[in-house]
Amino acid sequence: MKTIIKKVDPGSPDAEVIEEAGRILRSGGLVAFPTETVYGLGGDALNPESSRKIYAAKGRPSDNPLIVHIADLKDLERIAEEVPGNAKLLMNEYWPGPVTMIFQKTEEVPTETTGGLPTVAVRFPSHPTARALIRAAGGFVAAPSANASGRPSPTSARHVKQDLDGRIEMIIDGGSSAIGLESTIVDFTEEIPVILRPGFINYEMLSEVLGEVKVDPGILSEDQNVRPKAPGMRYRHYAPKAPLIVVEGERGPVTEMIRTLVGKAAAQGKRTAVLCSDETAAFYENAANSSVMVSPVGSLEKEESIAKHLFGQLRIFDENNIDIIYSEAFETPRLGQAIMNRLLKAAGHTVVRAEGPFAREERYE
Ligand code: AMP
Ligand code: MG
């Protein structure tokens, strides 16, 4: 299959492109499109055959449900039963926007779309191109992130092409994603709403609207026996090809420890990279020799920049055939939980704490 790529002005997409993409979706094909979070891989959410194609194109396990995207609030009742009052409060505040809500599904939603679950995840994106496309497709677009399963989520059309070229009918190129991390997921099928995946809409913002909110223990625990409720959170995800080691602690010991580890890896002839903040990049410039790739991902003073560039940076390490990556931890105040959730999954939870003498250092060389 030849994948057509169409560039649009993301704020005001060409009507002809949207029409063509809508036709593809209505006839059961797949179209990748920009949203404010990451690029989505869209198919008709009410067509089981389209959902099967999404799983096949991504190489995604079929028990990992898709998010259904809508572009009109009144369409919610066709796919969701029992929308509680507090979910409506959250919609008033943050829809359209980067938050996904889980409800009991109606008969209309095929279980192929929900990974066999009796519940459905729904999002109403704010991105003008996404909204136009959803309308053109008939109102219900199932769209997981448009990456090959296990790879970092795509934040540009180029990333989508890297993973899905020749596997889908069309990619709509609307430039780079504004947020760069997938939506926050909140489960409204429990008495008290539960955060299943942290995102740009953070715990504080949710509590302010909802009062009591829980966090799924599965996303906080490193214990393999504590299973996250969102099936997608159980899989190894976001991972670059090279091993990634996160070093946490105070800035001084962290930079010192990464310098030491980088020096050793480089001395062994490994192509080594450091993922760091704009503020700390200079500490690593002369850490070993010129083969070290120092990669500032964004500013600690502007944490959205870290979120926006994280996935793209992980892909750059692959493109440069890096052998080993050492990363700082980005425990920033508002987005730290969402950023660290992705980074720790990319690292397979390999974390070293830098404090005093580097007792655990040897294990991670
Ligand atoms: P992606 O859009 O690629 O981030 O994948 C969608 C995410 O939403 C996955 O992590 C799924 O596990 C999660 N999800 C979708 N539907 C449900 C559901 N009904 N219950 C729990 N999690 C869900
Ligand atoms: Mg995904």
Side-chain angles (χ1 to χ4, degrees), residues 30 32-43 45 51 54-70 76 79-83 87 98-106 108-125 127 130 134 140-155 159-160 163-164 168 177 179-190 193-201 214-219 227-239 310-311 314-315 338 341-342 345-346:
L30 304 184
F33 61 97
T35 81
E36 66 275 25
T37 56
V38 301
Y39 273 69
L41 174 57
S51 293
I54 291 177
Y55 289 102
K58 281 178 61 83
R60 180 178 177 109
S62 61
D63 64 348
N64 186 1
L66 311 175
I67 293 173
V68 180
H69 293 65
I70 57 172
L76 181 63
I79 54 173
E81 302 270 14
E82 299 167 38
V83 175
V99 61
T100 295
M101 307 189 204
I102 294 178
F103 307 108
Q104 298 300 331
K105 76 173 192 70
T106 62
E108 275 212 66
V109 187
T111 47
E112 282 80 358
T113 300
T114 64
L117 295 173
T119 52
V120 62
V122 189
R123 183 159 111 76
F124 183 170
H127 196 292
I134 295 162
F140 304 92
V141 173
S145 49
N147 52 300
S149 192
R151 298 261 292 145
S153 293
T155 51
H159 298 158
V160 179
D163 286 11
L164 300 177
I168 61 178
S177 310
I179 293 177
L181 300 178
E182 307 85 343
S183 59
T184 309
I185 302 180
V186 186
D187 183 1
F188 282 99
T189 66
E190 309 264 348
V194 189
I195 302 173
L196 302 189
R197 176 170 75 186
F200 186 83
I201 306 298
K214 288 188 188 162
V215 180
D216 181 20
I219 59 178
R227 280 167 70 80
K229 187 166 177 197
M233 303 292 280
R234 292 174 200 148
Y235 299 102
R236 178 174 166 273
H237 211 302
Y238 316 123
L310 179 66
F311 287 141
L314 294 178
R315 282 177 182 260
N341 170 261
R342 276 49 169 209
K345 279 176 79 71

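Only heavy atoms go into these numbers, but all of them, side chains included; no hydrogens, no water, no symmetry mates. All ligand and atom numbering here is 1-based and tracks the order in the structure.
- Shown in contact with Leu117 at under 4.0 Å from a heavy atom are these atoms of ligand 1, numbered in order with element: 18 (C), 19 (N), 20 (N).
- The shortest N/O to N/O separation between Asn64 and ligand 1 falls below 3.5 Å.
- Between the Tyr39 side chain and the Ser177 main chain, no donor and acceptor come within less than 3.5 Å of each other.
- The distance criterion of under 3.5 Å between nitrogen or oxygen atoms is not met by Lys58 with respect to ligand 1.
- Counting heavy atoms under 4.0 Å from ligand 1, residue Thr100 does not touch it at all.
- Atoms of ligand 1 found under 4.0 Å from any heavy atom of Ala121, numbered from 1 in the order shown, are 15 (C), 16 (N), 17 (C).
- If you number the atoms of ligand 1 from 1 as listed, the ones under 4.0 Å from a heavy atom of Ile67 come out as 2 (O), 6 (C), 8 (O).
- Of all the atoms in ligand 1, the ones that sit under 4.0 Å from a non-hydrogen atom of Arg197 are 1 (P), 4 (O), 7 (C).
- The aromatic rings of Phe33 and His69 stand perpendicular to each other, their planes meeting at an angle above 60°, with 30° marking the opposite boundary.
- Within the coordination shell of the Mg ion (ligand 2), defined by N, O or S atoms under 2.8 Å, Ser153 is absent.
- For ligand 1, the atoms sitting less than 4.0 Å from at least one non-hydrogen atom of Leu196 are 21 (C), numbered in the order shown with element in parentheses.
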- Where do Asp216 and Lys229 land on the salt bridge (Lys or Arg N to Asp or Glu O under 4.0 Å) test, with the steps shown first? CA-CA 7 Å; Asp216 181 20; Lys229 187 166 177 197; over 6 Å; no
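- In this comparison of Val122, Thr119, Thr113, the heavy atom closest to atom 19 (N) of ligand 1 sits on Thr119.
- Closest of all the heavy-atom pairs between Val68 and Thr113 is CG2-CG2, 3.8 Å.
- Note on ligand 1: Lys105 sits outside its first shell, no heavy atom being nearer than 4.0 Å.
- Residue contacts with ligand 1 leave out Thr114, since none of its heavy atoms falls under 4.0 Å from the ligand.
- In terms of protein heavy atoms, atom 10 (O) of ligand 1 is closest to Gly232 CA, 3.3 Å.
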- Go through the steps for Thr119 and Gln104 under the test side chain to side chain contact (heavy atoms under 4.5 Å, CB included), then give the verdict. CA-CA 4 Å; Thr119 52; Gln104 298 300 331; 3.9 Å; yes
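- Residues Ala57 and Leu164 share a closest heavy-atom pair of O-CD2, 3.4 Å.
- Counting heavy atoms from C-beta outward, Asn147 and Lys58 have side chains that approach closer than 4.5 Å.
- Each of the following atoms of ligand 1 lies closer than 4.0 Å to a heavy atom of Ala230: 12 (O), 21 (C), 22 (N).
- Side chain of Arg315 to main chain of Phe311: no donor-acceptor pair is present (N/O by atom type, distance under 3.5 Å, no hydrogens or angles).
- Note on Glu182 versus Arg123: no salt bridge recorded, every NZ/NE/NH1/NH2 to OD/OE distance being 4.0 Å or above.
- When only non-hydrogen protein atoms are considered, atom 23 (C) of ligand 1 lies nearest to Pro65 CG, 3.6 Å.
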- Residues Ser183, Thr100; criterion side chain to side chain donor-acceptor pair (under 3.5 Å); working and verdict: CA-CA 6 Å; Ser183 59; Thr100 295; 2.7 Å; yes
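- Considering only non-hydrogen protein atoms, atom 20 (N) of ligand 1 sits nearest to Ile102 CD1, 3.4 Å.
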- Item | Step-by-step side chain to side chain contact (heavy atoms under 4.5 Å, CB included) determination, Val122 to Phe103 | CA-CA 8 Å; Val122 189; Phe103 307 108; 4.1 Å; yes
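- The shortest N/O to N/O separation between Arg60 and ligand 1 falls below 3.5 Å.
- Distance from atom 2 (O) of ligand 1 to its nearest protein heavy atom, with residue and atom name: Pro144 CA, 3.2 Å.
- Each of the atoms 7 (C), 8 (O), 13 (C) of ligand 1 lies under 4.0 Å from some heavy atom of Ile185.
- Checking side-chain atoms of Glu81 against main-chain N and O of Thr106 turns up no donor-acceptor pair under 3.5 Å.
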